[in-house]
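One structure below.
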Amino acid sequence: VNTVEVNFDGLPGPTHNFAGLAHGNLASAGSAGIRSFPRQAALQSIGKMRSMLELGLTQGILPPQPRPAFHFLSSMGFTGPTDAIIQQLAEESPALLAAVYSSSSMWVANAATVTPAPDSADGRIHFTTANLSSQLHRSLEAEDTRRLLETIFPDSDAFAQHAPLPCILSDEGAANHTRLCGRYEDKGVSLFVYGRRLISPEPQQPKLPARQTLEASQSVARSHGLAPSNTVYARQLPAAVDAGVFHNDVICVGNRNLLFVHEQAFENQQQILDRLDATCEGTLEAIIVPAGIISLERAVSSYLFNGQLITPNEDRTAQILVAPLECRDDLVVAGYLDQLVSQSALSAVRFLDVRQSMRNGGGPACLRLRVVMSDGAISRVGARVIADDSLLDTLETWIETHYPEHIDPRDLLDPELVAGAQTALQGIYRILNLDNLMD
Ligand code: SUG
């Protein structure tokens, strides 16, 4: 049986815009109100998926969710024609209007937490859709994400789908979960990183939101049947959260036995690393980046740790870091990466342009949901969501003709944007054989 890591990438939607919605995410705040480029955003994502295919990876695609999310407004008691509702919101609550237009479903590292078959008690691949309850615009994603995952991973002999946790247990999905293993088919070790405890909260809290609760991570581990002996929990350092590390994948990434992490990621970091190494039976390779070389601020502005660490299917020993272009632009980061490639377990670095997503705090790793799968499990995937060149060509052509070139904040008042976004989305769902989800 051949087992690989499949990265499913979220596609930016036709209403991708910069609204400064995500409190604690410095890029989102810094981009608030600037012109966005939805077509370019989606084409950058397609370009990223093409690079992954070139590197010999198996690549999946998750479609954008329908926006504006009028169903949410109707649950808030807004009634009447959509034009009138949009006008009312523009006057009374522009932030709510922006929230229902947000294309944040593109950051699918927050869609769910995934446990591959070798780690779960029943040998199935487990998914828990994240409730994303810490930010209003992101909480709108959970219901559609669950329906999407049930459609793409439908076969209950191979896949187990868990409902989002109760919202009080704030859960942000795979962005706060790292799996370490030997080969992908071996039993792995799960590192869950949380920001705060719900029950008996820690005395020292960051000023910016600590999104993930320990209790959410524990609930996921329990319901997926992870062995407690193979599960490690770490708390984010409050200073890291305050420097803009709103998810752990902004400061840490792991693949197979390699962990690439900043020295100020966790509380009691040395103890956590020792425990991980013991659980990995001494096979852990950790690259711990000193703050004296890369400060927390620089880690956040360059998104060095939000790269994807990948092992191409043909070369099972390589560790390639797929980093955002911003890391090449930062001379300190670029120089440090050069040095790592010659002196560490890191084999190579590839730079990618995902600038539209980056301006909202979404680097390469935010845009993907990893699912370790055997060939058999891949063959059970529903819909047409495993990428090849021809599928990417078809999507690209559709995006080029149907996505708006740019959006300014006032464009959210234009009813034509609503109609155009719907047509654009219907085409994407049709191409991916997911029309049944577009009701
Ligand atoms: O939740 N940005 C997203 C970025 C998510 C990145 N994901 C990971 N680190 N895995 C967020 O903060 C910005 C939307 C806006 O401001 O328009 C936003 O939602």
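Numbering of ligands and ligand atoms starts at 1, following listing order. We're numbering straight along the sequence, starting at 1.
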>> List ligand 1 atoms under 4.0 Å from Asn25, heavy atoms only on the residue side.
In response: 2 (N), 3 (C), 4 (C), 11 (C), 12 (O)
> In ligand 1, which numbered atoms sit nearer than 4.0 Å to a non-hydrogen atom of Ala175?
Replying inline: 10 (N)
>> To check your reading of the model: name the closest protein heavy atom to atom 17 (O) of ligand 1, its residue, and the distance in Å.
In response: Ala19 N, 3.1 Å
> Looking at Asp171 and Ala130, what are the two nearest heavy atoms and their distance?
Replying inline: O-CB, 3.5 Å
> Quick one: nearest non-hydrogen protein atom to atom 5 (C) of ligand 1, plus distance?
Replying inline: Arg138 NH1, 3.4 Å
> When the ring centroid of Phe305 is compared with that of Phe260, is the distance short of 6.0 Å?
Replying inline: yes
> What atoms in ligand 1 come closer than 4.0 Å to a heavy atom of Ala109?
Replying inline: 10 (N)
> Could you go step by step and tell me if Thr128 and Thr115 meet the side chain to side chain contact (heavy atoms under 4.5 Å, CB included) rule?
Replying inline: CA-CA 9 Å; Thr128 297; Thr115 293; over 6 Å; no
>> Run the side chain to side chain contact (heavy atoms under 4.5 Å, CB included) test on Tyr303 and Val354 for me, step by step, so that the C-alpha distance in whole Å, both residues' side-chain angles and the decisive distance to 0.1 Å come before the verdict.
In response: CA-CA 11 Å; Tyr303 259 38; Val354 286; over 6 Å; no
> Quick check: does Ser104 get an N/O under 3.5 Å from an N/O on ligand 1?
Replying inline: no
>> I want to know if ligand 1 touches Phe246 in the polar sense, i.e. an N/O pair below 3.5 angstrom.
In response: no
> For atom 7 (N) of ligand 1, which candidate among Leu26, Asn110, Val108 provides the closest heavy atom?
Replying inline: Asn110
> For ligand 1, which atoms sit closer than 4.0 Å to a heavy atom of Gly361?
Replying inline: 4 (C), 6 (C)
> Considering only heavy atoms of His247, which atoms of ligand 1 have at least one such atom less than 4.0 Å away?
Replying inline: 7 (N), 8 (C), 9 (N), 10 (N)
>> With salt bridge (charged side-chain N to carboxylate O under 4.0 Å, His left out) as the criterion, how do Glu202 and Arg235 come out once you've worked through the C-alpha distance, each side chain's angles and the decisive distance to 0.1 Å?
In response: CA-CA 10 Å; Glu202 300 82 354; Arg235 185 184 181 215; 3.6 Å; yes
> Which atoms of ligand 1 have any heavy atom of Ala22 under 4.0 Å away?
Replying inline: 11 (C), 12 (O), 13 (C), 16 (O), 18 (C), 19 (O)
> Considering only heavy atoms of Asn17, which atoms of ligand 1 have at least one such atom less than 4.0 Å away?
Replying inline: 17 (O)
>> Looking only at protein heavy atoms, which one is nearest to atom 10 (N) of ligand 1, and what is the separation?
In response: Asp249 OD2, 2.7 Å
>> Give the atom numbers and elements of ligand 1 that come within less than 4.0 Å of a heavy atom of Ser28.
In response: 13 (C), 15 (C), 16 (O)
> Do Asp353 and Arg328 meet the salt-bridge criterion of a basic N to acidic O distance under 4.0 Å?
Replying inline: no
> Is the closest basic N to carboxylate O distance between Arg355 and Glu326 below 4.0 Å?
Replying inline: yes
>> Check the orientation of His126 and His162. Use parallel for under 30°, tilted for 30 to 60°, and perpendicular for over 60°.
In response: parallel
> Closest non-hydrogen protein atom to atom 8 (C) of ligand 1, residue and atom name please, with distance?
Replying inline: Cys366 SG, 2.9 Å
> To which protein heavy atom is atom 19 (O) of ligand 1 closest, and what is the distance rounded to 0.1 Å?
Replying inline: His137 NE2, 2.6 Å
> Who's the nearest protein heavy-atom neighbour of atom 18 (C) of ligand 1, and how far?
Replying inline: Trp107 CZ3, 3.5 Å
> Hey, does Arg211 sit under 4.0 Å from ligand 1 if you only count heavy atoms?
Replying inline: yes
> Can you find an N or O of Asn306 that's nearer than 3.5 Å to an N or O of ligand 1?
Replying inline: no
>> For atom 2 (N) of ligand 1, what is the closest protein heavy atom, and at what distance to 0.1 Å?
In response: Asn360 O, 3.0 Å
> Looking at Glu405 and Arg39, does any basic side-chain N land under 4.0 Å from a carboxylate oxygen?
Replying inline: no
> N/O of Gly20 under 3.5 Å from N/O of ligand 1, yes or no?
Replying inline: yes
> Taking the inter-plane angle between the rings of His16 and Phe18 on a 0 to 90° scale, is it parallel (under 30°), tilted (30 to 60°) or perpendicular (over 60°)?
Replying inline: perpendicular
> Quick one: does Leu21 get an N or O within less than 3.5 Å of an N or O on ligand 1?
Replying inline: yes
> Taking all non-hydrogen atoms of both residues, which atom of Ser133 and which atom of Ser139 are closest, and how far apart?
Replying inline: CA-CB, 4.2 Å
> Salt bridge check: are Arg146 and Glu150 linked by an N-O gap of less than 4.0 Å?
Replying inline: yes
> Hey, are Arg35 and Asp408 close enough for a salt bridge, meaning a charged N less than 4.0 Å from a carboxylate O?
Replying inline: yes
